[in-house]
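A short worksheet on the structure shown next.
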Protein chains: 4
Amino acid sequence: MVAPSGQGRRLLCSNIYLTVRFVSLKKGNMKPKKQQTRRRSKQAHEAIIAATLELIEEKGYLGLSIEGIAARAGVGKQTIYRWWPSKAALTIEAYSQKVTSTLQSPDTGSLQLDLEELLGTIFTRIRIAPTSKVMTGLIAEAQTAPDVGEQFYTGFIKKRRELLFALIQKGINRGEVPPDTDMEIAADTLFGPMWYRLLLGHAPLDQKFAKKLVEQLMVGLATRGEETL
Amino acid sequence: MVAPSGQGRRLLCSNIYLTVRFVSLKKGNMKPKKQQTRRRSKQAHEAIIAATLELIEEKGYLGLSIEGIAARAGVGKQTIYRWWPSKAALTIEAYSQKVTSTLQSPDTGSLQLDLEELLGTIFTRIRIAPTSKVMTGLIAEAQTAPDVGEQFYTGFIKKRRELLFALIQKGINRGEVPPDTDMEIAADTLFGPMWYRLLLGHAPLDQKFAKKLVEQLMVGLATRGEETL
Amino acid sequence: MVAPSGQGRRLLCSNIYLTVRFVSLKKGNMKPKKQQTRRRSKQAHEAIIAATLELIEEKGYLGLSIEGIAARAGVGKQTIYRWWPSKAALTIEAYSQKVTSTLQSPDTGSLQLDLEELLGTIFTRIRIAPTSKVMTGLIAEAQTAPDVGEQFYTGFIKKRRELLFALIQKGINRGEVPPDTDMEIAADTLFGPMWYRLLLGHAPLDQKFAKKLVEQLMVGLATRGEETL
Amino acid sequence: MVAPSGQGRRLLCSNIYLTVRFVSLKKGNMKPKKQQTRRRSKQAHEAIIAATLELIEEKGYLGLSIEGIAARAGVGKQTIYRWWPSKAALTIEAYSQKVTSTLQSPDTGSLQLDLEELLGTIFTRIRIAPTSKVMTGLIAEAQTAPDVGEQFYTGFIKKRRELLFALIQKGINRGEVPPDTDMEIAADTLFGPMWYRLLLGHAPLDQKFAKKLVEQLMVGLATRGEETL
DNA sequence: TGATAAACGAGACGGTACGTCCCGTCTTGGA
DNA sequence: TCCAAGACGGGACGTACCGTCTCGTTTATCA
């Protein structure tokens, strides 16, 4: 019978509790070992994330303020500043939790269909009301604060690109596209127009557009091999 | 002894200043005649535009403030608010004057080469230091203020797209691409990846990239015609 | 014939307007003359002073905060910071308006009685609830901020001392005390014990104490003359 | 069956800690019987007092903060709050240790000379840089927190007054002043002006001033007796 | 002499207020 | 009528401390 968690093992012997803690015996044991102190409060953390999402929904990313989040979460401002350097970083965490996690890799057996499905899903998700504004707000801030850019890239962009790379790799394995396909450019070709339309709003992010982009890419990739001859 | 400044003549007569203003004597003189009043000051206008450009250069678009512009230009804040609805509008005017005006249409005789030259030139210009940040700042604000979006589109985006359309049209006329080519999608395919790289900075906006994009587009367009058969 | 200020006189002489402005001729006349701009708002000023007095009454000097005053007065914080460097300065203005203005010089014909009356009145006023705490609060801040000290001295202390000096001078004129009386020390001898009791609260500020202090001072002054012999 | 947290026995078995906790079985089992445990740390106490004195020297009483003291002393904030109710109490302890202890009673054989020496010594000590500010800071806080007032009075004021009383008593015994001399008022007359000048800084706390005050007091006391006749 | 509970260092927490920066509007007097 | 100057009510910034509250880790009694 083993008790879980933190403190060691707890064994119930009739009416006596034994808390057994194994102390490591290694030589390097005696090092100064920075003292353990009070840990980050999970409650506060969650309340802050929740308040952030709520307020973005209500007022948009631009209307977001640390002060407002603190008030809504019932938290001191310092508690926010302690853990996040900026409202951008906070937003990224709040959103990456919410948005990207559930994105799945399609598997139709055909690269073209896979790509269409992936792009279609992403289009559908990203054009939902507050999301698009959050994205553009973050992008704008990323221009000024380089760390925001990095976090945004790793939090949102990278995952999508890697999903894409995996699909293309499968296509290469199946012989649908040449093995020396430049995946980076492929990604830019598919996602670039998406952001472009999202940001400028001059044309819709619909399934038709997704299909067109994929089609054009596929032709480009296929032909590229021949041209090299 | 003549007092300097302003309008009319100032004469010092012992201890009395007389400001004498000669009123034009022409025929229509005395009638009610809606009074002509002071017009927009060209000086102020120019000082404001200049200060805006300077401050963007110094502090970036995000660090820009109406208050700062007014102070730098030696102008009252009201004078700015009188003529521009927002710092975005002001920035757009300041930049469109500076950036787009000089963009020229290439004419090599070949659509592919034309496109490569056009895209290359645009890449070169847009990646210069403050410009890219201005663009992304404006894009971000455009998400919140719809009028900014419109002005940005007509001020910066539209011209480039129209230049592109003209080139493609020439290509169609020459028979290089099918006559039913979807130019909108072509534009999104070329400019989208540019903005994408510009905003995220994950890869450079170089000539090689321009060439690749054009190549892919050309293949796509060419093949599309065949497919329809 | 005096012209009303501002615009000067305008005379229509057939078709010529003459704007005649009378200018004073004193030597320093030609200086650049800083442009007139929007003046301090009397309303805001008064609201701030009133709010300060209210809040001191409610929460004491220590409980006073710029933020609170601004909120109560319905005024931006900046408006306060624009005109007063600290809550001490603000308090001094608010109180000096309220407290010192009405203090009158007694005139009984006898220095001893005059002094008793003056000191008695001051005692009565200063021991009223919030006043004493305001005074001590200001004194404490004066130790850190030298300008507060100066303002406090000129706003509160000086006037009382000067009243005292005037009374003593009349006593000298009447021959009640020697003409070379050291008034500074006399003032310290009367007011010092007052502040001491006020601040420490170990004994009351009553009429009996006032009488004692005056009595002792009078004897000291009288005898001093003789001793010198 | 849940074990109550917190108590139990800890046994070190080679490299294993066993915390064995007996769960009470009988009703009136382990009577309350407060166990003696770890006492106040002398080290921490001293470090805190030292840090307090240092920081007062550096930043003045107003610039003092519990947080700062804790950091400087290398001590947790709680350790300070455990032993002192406020920074005032802490300061009083720190200073009373440093200041008052060494004050000695003069004994010249003459009351007047004794008083001059006592007052002169006190003047010299109290006008040293941070001390005066500490005193006024404490006085100010005393107005708000009554316990601070008491502590301040017993810690600083009382001792000096008692020294004075003892000297006067000796003077009475020697017949230098009448036996019904009001010592309280005498103390207020000597120390009041001192605090007054200290707090307002309008005149120096020098030996001349001490001499004057004593002189005046002596005359006042002497004459008072006669007047009563 | 060994366990144990209070004291300890560290510092996170919900708060209050600070003094600053700008916002967009309003007011003044000069041109 | 426009302009510069800048005061105004307001909102948010990021910082400094407040006094309370966990965390494990000592360490001084007393069983």
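These values consider heavy atoms only, across backbone and side chains, with no hydrogens, waters or symmetry-generated copies. Throughout, a chain's letter reflects where its sequence line sits, starting with A, and its residues are numbered from 1. Bear in mind that the values here come from a model prediction, so they are computed numbers and not experimental data.
Between C:Lys133 and C:Tyr61, the shortest heavy-atom distance links the atoms O-CB, 4.2 Å.
For D:Ile49, the side-chain contact (heavy atoms from CB on, under 4.5 Å) criterion is met by D:His45, D:Leu53, D:Trp84, D:Leu90, D:Glu93, D:Ala94, D:Gln97, not counting sequence neighbours. Residues passing the side chain to side chain donor-acceptor pair (under 3.5 Å) test with D:Glu46, sequence neighbours excluded: none. For C:Glu58, the side chain to side chain donor-acceptor pair (under 3.5 Å) test picks out C:Arg72, with sequence neighbours left out. Not counting sequence neighbours, the partners of C:Ala142 by the side-chain contact (heavy atoms from CB on, under 4.5 Å) test are C:Val148. Taking A:Gln43 as the reference, nothing meets the side chain to side chain donor-acceptor pair (under 3.5 Å) condition, with sequence neighbours excluded.
Distance, C:Ile66 CD1 to F:dG10 P: 17 Å, rounded to whole Å. Atom C1' of nucleotide F:dG11 and atom NZ of A:Lys59 are separated by 11 Å, given to the nearest angstrom. Per the geometry, CG belonging to B:Leu64 stands 8 Å off P belonging to E:dC23, to the nearest Å. As rounded to whole Å, 7 Å separates atom P of F:dC8 from atom CZ of C:Arg40. Atom C1' of nucleotide E:dC21 and atom CD of A:Glu67 are separated by 13 Å, given to the nearest angstrom. Distance, A:Lys42 NZ to F:dT22 P: 18 Å, rounded to whole Å. Taking atom CD of B:Glu46 as the reference point, atom C1' of F:dC3 lies 16 Å away to the nearest angstrom. D:Gln43 has its CD atom 22 Å from the P atom of E:dA6, to the nearest Å.
DNA chain E is contacted by D:Lys77, D:Thr79, D:Arg82, D:Trp83 of residues 77-93 of chain D, taking any non-hydrogen atom closer than 4.0 Å.
Using a 4.0 Å heavy-atom cutoff across all strands shown, C:Gly74 reaches sugar-phosphate atoms only and no base atom.
With DNA chain F read from its 5' end, the first of the two nearest nucleotides for B:Ala73 and A:Gly68 is the one closest to B:Ala73.
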